[in-house]
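Protein chains get the first letters and strands the later ones, always in sequence-line order, with residue 1 at the start of each.
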Protein chains: 4
Amino acid sequence: MPEKQVPSTIKDEALVSKRRNQMIKGAVTLFIEKGFHKTTTREIAKASGFSIGTLYEYIRKKEDVLFLVCDSIYQRVKERMEDAIDPHQTSVQSLTHAIRSYFQLMDDMQDEVLVMYQEVKSLSRDAQDYVLQKERDMVAMLEQVIVNSLPGEHPEEEIKLIANNIFVQGQMWGFRRWILQRTFTIESYTDTQIQLLLKGLDKEETLQ
Amino acid sequence: MPEKQVPSTIKDEALVSKRRNQMIKGAVTLFIEKGFHKTTTREIAKASGFSIGTLYEYIRKKEDVLFLVCDSIYQRVKERMEDAIDPHQTSVQSLTHAIRSYFQLMDDMQDEVLVMYQEVKSLSRDAQDYVLQKERDMVAMLEQVIVNSLPGEHPEEEIKLIANNIFVQGQMWGFRRWILQRTFTIESYTDTQIQLLLKGLDKEETLQ
Amino acid sequence: MPEKQVPSTIKDEALVSKRRNQMIKGAVTLFIEKGFHKTTTREIAKASGFSIGTLYEYIRKKEDVLFLVCDSIYQRVKERMEDAIDPHQTSVQSLTHAIRSYFQLMDDMQDEVLVMYQEVKSLSRDAQDYVLQKERDMVAMLEQVIVNSLPGEHPEEEIKLIANNIFVQGQMWGFRRWILQRTFTIESYTDTQIQLLLKGLDKEETLQ
Amino acid sequence: MPEKQVPSTIKDEALVSKRRNQMIKGAVTLFIEKGFHKTTTREIAKASGFSIGTLYEYIRKKEDVLFLVCDSIYQRVKERMEDAIDPHQTSVQSLTHAIRSYFQLMDDMQDEVLVMYQEVKSLSRDAQDYVLQKERDMVAMLEQVIVNSLPGEHPEEEIKLIANNIFVQGQMWGFRRWILQRTFTIESYTDTQIQLLLKGLDKEETLQ
DNA sequence: TATGAATGAGCGTTCATTCAT
DNA sequence: AATGAATGAACGCTCATTCAT
């Protein structure tokens, strides 16, 4: 898919994939450290293990690197979410399990998520739409789990809002870390959020 | 206070205030449009209505403009929050009123808040701390209202988390606008969030 | 004389004199510290005790300040040389006395002389000529003393060269201070130079 | 050695050398004409035959150009002095030969030496020390020749002073050219200085 | 396919100078 | 006579991008 969006002059697709993975790995660290704008293409090339000339054989513009990075982050998030969620399960446990998995994931990928939050606006309109769609897909996955897990009638809007709340609360753990991680561990944070949510849904649950 | 942090070569303090307001007004629009990094100092000067030379009589570095913008946003938010919150009131209504006011405010200042979210990381460490503190102050205000308004015992952690949730949900209205504002108006968004919150707190309330 | 070369918009000549003395005093310190080019007009104004606007009432261009400074340095040097030299005396002592006075003067005004050496080239052609003339006058004074003091025939060229050597050796004490002042004090430096000179002139003298 | 002090982003060392020579050649002319401060980096680039971007591939800061120029001047001076001086010769002729060579050199490199005199102070402390050391080395070479050439006892201080005098008299030919070159040719200047020196040292010598 | 030297538009910033008050 | 806010040309420097090898 990213190959569709970011053309390369190199024909060998396996090589393109390999080089781009090097690039993403190198770039993500730099973007976390100093942000997209303050990272130079030379630094990216160096961190990727090849020359500036080679870098430009695999991308057209610096922005492409950012796109590749964002895309790869969402890819990884999506894969792990799909592993964690079983769409056929209908118990409340399946919801709490999904939340736990997602929050844990957000804890693991704090830095990456923070980068995405701060840098997507540097993408072109098209690329932003592409990334936004991935986000929508993820929220839709959460909506699905909620619908499956909650007995009783719930207006669609409420479902949507809960999904969005969960989604943002996961991210918030990372980008408000300076405030939250003084008071909570990822476990206590997860527990308390689930508790608040389920109280609101008139559910009892034995935590854990 | 910002005068303490951002020195100017101009002596007339009233003039400094006036020019800086011009600057903030001009810069915010540009930052919203194209981000801090892609906005040039010349553009800021032009949008502010004076020359590049004059701009630099009122700041030392480009970053100072960003700081002034962030500071002014928080200033305005804080002022409006203080107007909206009565610390002596103890009813649930005072909480819902605070939330309504805050969400309305976030609706009014969507663009500004978005800018802050995406650009604070471009500030120096010191300036970031300064801004972070303002944020902490605001969350503390929300905590206070929650403590005052909720009968019954609530662990401190729970209070903290609810305050953070409300704070982020307000901002989320702005920075997830492309998703949320398809489904909600600011009113329906506010109502649904309050409903979810109060359900969780085992309170009944006639909305509005 | 400098009033001829550096016009002022102010009529009151006494005031012009006073202000310019303030200026020279302030500027010389700055030039010694950081050089002419790295000193700003604002700094000069501040060090002079008045505003940038006032500064420009007494000069036309920044370069004028440098001229005034150079002129004042030469003025002071010339005055002290004239005090030290008696054109009617004809003994060898009168030569050694002149050298001693001049070297002492160069020791006192090391910094000023260094500044002049490094910055005259920043003056306009005209101003450089004016300063150069002052230098020629000084060398001529030394020539006069030499002619008066030395018995026997000496070709004019030799006199000229000796005068130039003395002149430069005086300055060298200041601008080669890092090397010379490790080995010599101003007194030992003076003694040794005089000794070398007089040996060459087949003269005996009881040093001081 | 200068490669140690002035890093370049270009890897090909031969190319670095070539480009830097272009740079030095271009810059020296400009510095002579208008001084270091009034010469712009774009002018240097143009005079060197490449673009401003390329210039900065071979230096880090404008000051580096000045350092390279100073370094190259001293390098050339040193090389020619080493050719001219035979440390095993012990006759007076070896001293006069050294002086003649050195003065001739100073005549050839008048402009360069003038530039150095006026601009070293614009170098950083470190670079100034480096250049000063080269100067000390040169003076030491002269001291050596003097010690070797002069029979009889001479206090160390006297040797040092003579070496310094010769050193500065060489430079003086260039930086006081407007005065000296009216009266002398380089040959007559050299002869007269040698004559004065040897008289002082109670030596007879057939000039030439 | 890989390299890295070359380019130059464009940036942030400074500061001599002016002029209305 | 004195002030200082305003100006903008010009500076040093960076870095994304290209292209000959």
K.L.:
To the nearest Å, how far apart are K61(B) NZ and dT13(E) C1'?
P.N.:
12 Å

K.L.:
For the residue pair Y130(A) and F67(A), does the interplanar ring angle fall in the parallel (under 30°), tilted (30 to 60°) or perpendicular (over 60°) class?
P.N.:
tilted

K.L.:
Any chance you could measure F50(A), atom CZ, to M23(A), atom CE, to the nearest 0.5 Å?
P.N.:
6.0 Å

K.L.:
Under 4.0 Å between a side-chain N or O of R19(A) and OP1 or OP2 of dA2(E)?
P.N.:
yes

K.L.:
On DNA chain E, check which nucleotide each of I59(B) and K11(D) is closest to and give me the residue with the more 5' one.
P.N.:
K11(D)

K.L.:
Quick one, which residues of residues 38-53 of chain A touch DNA chain E with a heavy atom under 4.0 Å?
P.N.:
R42(A), F50(A), S51(A), I52(A), G53(A)

K.L.:
Counting only heavy atoms not in K34(C), do more than 12 fall under 6.0 Å of its NZ?
P.N.:
yes

K.L.:
Can you tell me how far CZ of F31(B) sits from CD of E43(B), rounded to the nearest 0.5 angstrom?
P.N.:
10.0 Å

K.L.:
Quickly work out the D64(B) CG to dG12(E) C1' distance and round it to whole Å.
P.N.:
12 Å

K.L.:
To the nearest 0.5 Å, what is the distance between CZ (R19(C)) and CD1 (I24(C))?
P.N.:
13.5 Å

K.L.:
So how far is it from L114(C) CG to E119(C) CD, rounded to the nearest 0.5 Å?
P.N.:
9.0 Å

K.L.:
To the nearest Å, how far apart are L55(B) CG and dC15(E) P?
P.N.:
16 Å

K.L.:
In terms of the nearest nucleotide of DNA chain E, which residue is placed more toward the 5' end: Y56(C) or D12(D)?
P.N.:
D12(D)

K.L.:
Can you check the K62(B) NZ to dG10(E) P distance for me, whole Å?
P.N.:
15 Å

K.L.:
Taking the cut-offs as 6.0 angstrom to the six-membered ring centre and 45 degrees off its axis, would you call K121(A) and F36(A) a cation-pi pair?
P.N.:
no

K.L.:
With a 4.0 Å cut-off, would you call R76(D) and E112(D) a salt bridge?
P.N.:
yes

K.L.:
If you apply the rule side-chain contact (heavy atoms from CB on, under 4.5 Å), what do you find for I59(D) with S8(D), and how did you get there?
P.N.:
CA-CA 6 Å; I59(D) 55 162; S8(D) 161; over 6 Å; no

K.L.:
Nearest nucleotide by nearest heavy atom, which residue falls closer to the 5' end of DNA chain F, E57(D) or L15(C)?
P.N.:
L15(C)

K.L.:
Of all nucleotides in DNA chain F with an atom under 4.0 Å from a non-hydrogen atom of chain C, which is the first and which the last going 5' to 3'?
P.N.:
dA1(F) to dA6(F)

K.L.:
Please figure out whether R60(D) or T9(B) has its closest DNA chain F nucleotide nearer the 5' end.
P.N.:
T9(B)

K.L.:
Output, in order, the C-alpha distance, side-chain angles, deciding distance and verdict of salt bridge (Lys or Arg N to Asp or Glu O under 4.0 Å) for E57(B) and R20(B).
P.N.:
CA-CA 10 Å; E57(B) 297 286 337; R20(B) 284 190 174 168; over 6 Å; no

K.L.:
Extract the stems that DNA chain E is part of, considering only consecutive pairing runs of at least three Watson-Crick or G-U wobble pairs, both distances under 3.5 Å.
P.N.:
E:2-21 with F:2-21

K.L.:
Return the minimal non-hydrogen interatomic distance between Y58(D) and V16(D), and the atom names on each side.
P.N.:
CE2-CA, 3.8 Å

K.L.:
For I10(D) and dT7(E), give me the distance from atom CD1 to atom C1', rounded to whole Å.
P.N.:
12 Å

